[in-house]
Every structure is written in structure tokens, then in C-alpha cells.
Amino acid sequence: MIGNWVHRVTLVAGLVLPAGIAAQVADGGDLFYGERDSYGELSPYHNRTESAETARILTLVYESLYRFDFDRDEYEPILAAGPWAGATMGEPAHFTVTVPLKPGVKWHDDRDFTAEDVVFSYQYMRHGANAELKKALDEGLIEVRAQSDYEVTFVFADGVVDPGPYLNKWIIPAHVFDTETMAFRSAAMNLRDRPVGTGPFRFQARESQTADFTRNDDYHRGAPILDKVGYTRLNDVNALMSSLEVVRGGLQLVTEVPPSVIPRVRDNQSLSYGVSQGHNVWAVALRQTPNSILNDSRIREALSLAVDRENLLDVWYQGEGTVVAGPIAPGGPFHNADLGAPVYDPERAREIVQASGLDVSQPLRLIYGTESEISGNVVQALENSFESIGIPVETVQKEPAEFQQSITETYDFDMVYLQWQFDPTYNLRPLFHTDEIGPGGLNIMNYSNPEVDGQLDNLQLQSDPGFRRQMSRRLQALLARERPAIFLFTTESIYAYRAEWGLLSVNPLYFFTNVHRWFRVSG
């Protein structure tokens with residue numbers, strides 16, 4: 001699986017090269033990258049959720065109608081031929097959009113991509129394993145119908161004014177399925193083992209810890225320059241870094257590394273690392289119940305004041321991130337920069353706890369998962385901070401399956417240390433709306449505020465981008481005052497690579513967005 005890398009590699013996205021550099025570009029070359037975790041199903045809608053590892057590998061094979069461009073804050077047509085056209089029609093009136101499809105696109109098995117594939121993909125999503133996606137489609141999308149081979153109309157439910165989040169889903173080939181039973185036509189047409197997409201690389205082979213993808217010479221956005229992209233899983237970060245440090249025959253790229261690895265990279269002149277904006281927020285979710293001290297806003301304020309966020313970020317994340325006062329990370333259009341940095345004042349926090357007169361002798365149960373090796377250290381620091389102001393804490397680490405069950409079913413916690421990942425819409429409704437309380441809901445804090453509910457409901461009805469940003473910023477200010485969670489910081493996405501590369505335009509949600517334009521430089 002691991003091949004030799006002889007030439008210098010430069011990974012770029014949409015750059016115009018000076019003549020001297022362009023003359024050195026050579027066709028071909030194999031890029032091998034490493035991950036600590038395995039990817040999910042290669043048939044997109046057989047995954048219950050889509051991990052970052054899965055999203056990256058699916059991006060090599062599959063495409064969507066549109067993809068969000070973070071730099072321009074707009075949706076970029078991919079399989080669509082251009083922008084969607086909106087209209088209101090029907091009885092009762094529903095918001096509809098018509099999407100023109102790009103002609104001449106081929107599936108990896110050389111069949112033509114048409115509107116039939118789009119219509120079928122959205123039918124199949126409703127039968128897939130992703131319950132959250134199915135719920136969103138059931139609530140927001142009434143119908144998808146083909147107007148011609150290269151035009152599709154989407155009809156949305158009342159209240160949907162932004163079609164973008166519905167139009168960025170993977171499109172799969174209808175011809176490999178029996179469209180009546182939704183089953184694969186044959187073992188040879190099983191996307192789980194032999195994925196077929198329209199993307200820049202074709203599936204070649206997979207083993208337990210590796211997968212290979214070869215160049216799609218018929219790619220509609222231009223044939224890739226690299227011959228092959230290969231995935232390798234090494235679940236130990238030291239093993240990944242050791243392979244990256246090998247001059248010949250090792251990895252050339254590790255897509256995600258913990259901040260603790262950065263000093264090792266800095267000390268090795270053959271390695272470098274890159275940072276991309278993280279669309280995430282680390283927080284301590286506080287579960288409010290009638291008999292809990294967390295139902296008291298004074299206690300929530302004291303807990304927030306007790307945390308030295310800057311120190312946590314510097315010590316455990318090498319400073320690669322930004323302290324936040326609300327649920328949306330800086331850098332995006334919806335962030336409220338006026339909130340300022342949260343205050344660290346443990347003395348004031350102790351005064352608030354004492355003045356509350358509440359019985360705080362019962363330890364609060366703080367749970368956390370095992371996904372991040374840093375989490376245990378951060379949670380220990382949080383425990384020390386809370387106990388320093390007179391609030392005892394019991395910390396419990398849980399394996400992924402048990403952790404998920406705790407926060408969605410059993411609710412055997414008072415506090416949870418977790419990371420919220422956001423898509424381009426930064427939809428806060430699932431986290432903070434009263435309707436999302438209960439089994440399967442994402443409002444695990446049991447937080448209910450009519451004013452917040454109203455803001456979240458109104459936000460969904462607004463189509464004007466400027467107005468939506470204003471409303472989102474007001475909502476963040478309200479949540480920052482209410483403190484249903486202790487908002488901590490956002491951490492950046494860090495990748496390590498061979499120093500002879502120039503690695504540009506890595507997207508935190510779509511790592512391989514422009515892999516068809518990545519190239520190597522001779523010499």
C-alpha cells in the first residue's frame with residue numbers, strides 16, 4: 001500500500017501558476033494519506049452518521065449538487081450547471097427551486113448522470129440509516145421531481161426558505177439499484193464494496209486498513225493530475241508520525257493530528273503542518289432539572305467564571321484555537337464578535353456560590369468520551385476549577401457507545417464535556433430549542449426559554465442573508481447570558497505533511513475539495 005514518493009508535491013486549489021513553476025509540473029504520482037480512525041460505509045446512506053474520516057474518503061468518489069464555499073460564503077455548483085432558481089407556487093403555496101444539471105457528466109461505470117439519479121438519491125436518503133437526515137427531509141422537503149433529463153425541481157415544506165442545506169447531499173447512481181425495493185441490483189453493483197460516483201477518483205481496491213483510488217480521466221471538472229490517492233489507517237498517532245517521517249515509502253500526509261504532535265513536527269525539518277479554521281465549539285453542557293443546582297442561573301454563571309479558557313487552550317491544544325463566549329466559532333459569517341472574551345474570575349465565582357445559599361455539597365457528575373486523548377486532561381482541569389469555588393465534581397469517562405447512550409437516552413449526567421461540530425448553516429435549533437428535549441433530541445441540557453425558541457423559529461423563516469446574520473448574533477448574545485452551557489473554545493483542524501510539499505486550501509469539512517487540482521513539482 002505505501003509507495004515511494006520521488007518528486008516534490010505541491011497541493012493547490014485553483015491557482016494560476018507562474019510560467020517557471022508551471023513548467024515543472026509533472027503528470028502522475030501517488031498520494032498516500034493516513035488516518036487514526038477507520039471510515040464508515042462507502043455507500044453514503046448506509047452510515048448512521050458521517051464522520052470526518054468518512055466524509056473525506058467519500059469526497060474522492062461522490063459529489064453533490066452544490067457545495068458550500070467558506071471563503072465566499074455561498075454555495076458552489078458541482079453537479080448543478082449553475083445557481084438554483086426559486087419560485088413560490090402550488091396550493092397551498094410552497095417554496096420551490098429548480099436546479100439545472102450539468103450535462104455530459106459520467107458515472108465511474110461510464111453511464112450518464114441525469115435527473116433520474118437526483119430524484120432517486122433523495123428517495124433513497126429517506127430509506128437510509130441516518131435518522132437525523134431522514135427527519136430533516138421528512139420535515140422540510142415535500143417532493144423532488146425531474147422536469148427533464150437535466151432539470152430537477154425541489155418542493156419544500158412551509159417555513160423552509162433556504163434550500164442550500166438540502167442541496168448539498170451526496171448523489172448516488174440510480175441504475176445500480178432496484179428502484180422499487182431500494183436494494184442493490186447485484187453483488188457486483190454494491191456501493192458498500194464497490195462505490196460508483198462522479199468524483200475525481202474511482203474506487204480501485206480496499207483491505208481492512210487500506211483503500212486505493214485511481215484517477216478518473218473523464219472527470220467533468222478536469223482530469224486529476226495525481227494517478228492515485230491511497231488511504232491507510234494506523235490507529236496510533238506515533239505510528240502515523242513515524243510513517244510520515246520516513247523519507248521514502250511512507251505517508252505524505254496525516255489529515256488530523258492532535259496538538260501534542262506539533263512540537264514533534266516543529267523539531268523535524270522534513271515535516272510541516274497546516275491549520276484550517278475549525279467549525280466547532282468545545283463546551284460543557286449543563287443539564288437543567290428542577291432539583292439540580294444547575295437550574296439556577298447564578299450557579300451556571302459561577303461555573304463559567306471559574307474556567308481559565310486561555311490556559312486550557314494553551315496547555316492542551318498548543319494555543320491552536322480561539323476562546324469563545326458563545327456557541328458559534330469565529331471566522332464564519334454568523335459569529336457575534338461583539339460578545340468579547342469570557343471572563344475568568346474565580347474569586348467572584350466563589351462569592352456567587354456562597355451568596356446563593358444553595359446546598360452544593362452533592363457532587364455534579366461530569367462525563368466525557370474517549371475519542372480525544374486530550375479530553376481527560378481538560379476534564380481534570382475543569383474538575384479542579386469547579387472544586388476550587390466550592391462545587392464538588394465526579395468525573396466519569398465513557399467509551400463511545402456508552403457515551404452516546406448517556407447523552408441521548410439515559411441522561412445519567414449533570415455535565416458533559418463535548419465538541420459541537422457545525423455544518424455551513426450553523427443551525428443552533430437542535431441544541432437549544434424546547435422541541436428538541438427528549439429521547440433522541442440534541443437539546444441534552446434540558447434547556448427551555450420561550451425567547452430563545454422564538455428567535456430560533458424566526459431564524460428559520462428568514463431568507464435574507466444579512467438579516468439572518470443579525471438575528472443569529474442576537475441569539476448568540478442571549479445564549480451567552482443564559483449560559484445553558486459553558487462555551488470554552490474552538491480548536492483548529494491540524495494536518496501534518498512532508499515539508500517539501502506546499503499544501504493549500506484545505507477545507508475543514510471537505511478536505512479533498514480540490515484534489516483534482518493537486519499536483520507534484522519535478523526536481
What do you reckon, are the aromatic ring centroids of [X] and [Y] less than 6.0 Å apart?
| X | Y | value |
| --- | --- | --- |
| F154 | Y122 | yes |
| F403 | Y368 | no |
| F177 | F120 | yes |
| W282 | Y417 | yes |

Considering non-hydrogen atoms only, spot the tightest contact between [X] and [Y] and give its length.
| X | Y | answer |
| --- | --- | --- |
| V99 | L65 | CG1-CD1, 4.4 Å |
| K102 | I78 | CD-O, 3.8 Å |
| S472 | L459 | N-CD1, 4.1 Å |
| P259 | Q318 | O-CG, 2.9 Å |
| R309 | P342 | CD-CG, 3.2 Å |
| P430 | E436 | O-CB, 3.3 Å |

Is any NZ, NE, NH1 or NH2 atom of the basic residue among [X] and [Y] found under 4.0 Å from an Asp or Glu carboxylate oxygen of the other?
| X | Y | result |
| --- | --- | --- |
| K398 | D412 | yes |
| R429 | D435 | yes |
| R56 | E35 | yes |
| D338 | R473 | no |
| E451 | R474 | no |
| E383 | R365 | no |

| request: Could you please spell out the steps behind the salt bridge (charged side-chain N to carboxylate O under 4.0 Å, His left out) verdict for E301 and R298? | output: CA-CA 5 Å; E301 180 185 5; R298 295 169 297 177; over 6 Å; no

Indicate yes or no: at least one non-hydrogen side-chain atom of [X] is less than 4.5 angstrom from one of [Y].
| X | Y | answer |
| --- | --- | --- |
| M445 | V416 | no |
| L191 | P173 | yes |
| Q288 | N295 | yes |

| field | S51: which of T49, T54, N47 passes side chain to side chain donor-acceptor pair (under 3.5 Å) | value | T54

| task | Please assess N311 against W316 for the test side-chain hydrogen bond (donor to acceptor under 3.5 Å, both in side chains), listing each intermediate value before the final yes or no. | result | CA-CA 8 Å; N311 181 259; W316 300 114; 5.8 Å; no

| query | Given T114 and D149, is the side-chain hydrogen bond (donor to acceptor under 3.5 Å, both in side chains) satisfied, shown in steps? | reply | CA-CA 5 Å; T114 68; D149 282 348; 5.3 Å; no

| message | Could you go through Y495 and Y273, starting from their C-alpha distance and side-chain angles, then the distance that decides it, and tell me whether this counts as ring-ring contact (aromatic ring centres under 6.0 Å, His included)? | response | CA-CA 6 Å; Y495 49 92; Y273 74 98; 8.4 Å; no

Taking [atom1] in [X] as the centre, count heavy atoms belonging to other residues, nucleotides or ligands within less than 6.0 Å. Is the count above 12?
| X | atom1 | result |
| --- | --- | --- |
| E347 | CD | no |
| R126 | CZ | yes |
| E132 | CD | no |

| request: Kindly indicate, with the supporting measurements, whether the criterion side chain to side chain contact (heavy atoms under 4.5 Å, CB included) is fulfilled by K169 and Y45. | output: CA-CA 10 Å; K169 312 305 178 188; Y45 303 114; 3.5 Å; yes

| query | Are side-chain N/O atoms of D457 and H433 paired as donor and acceptor at under 3.5 Å? | reply | yes

| Just checking, R287 and Y411: is the charged tip under 6.0 Å from the six-membered ring centre and within 45° of the axis? | yes

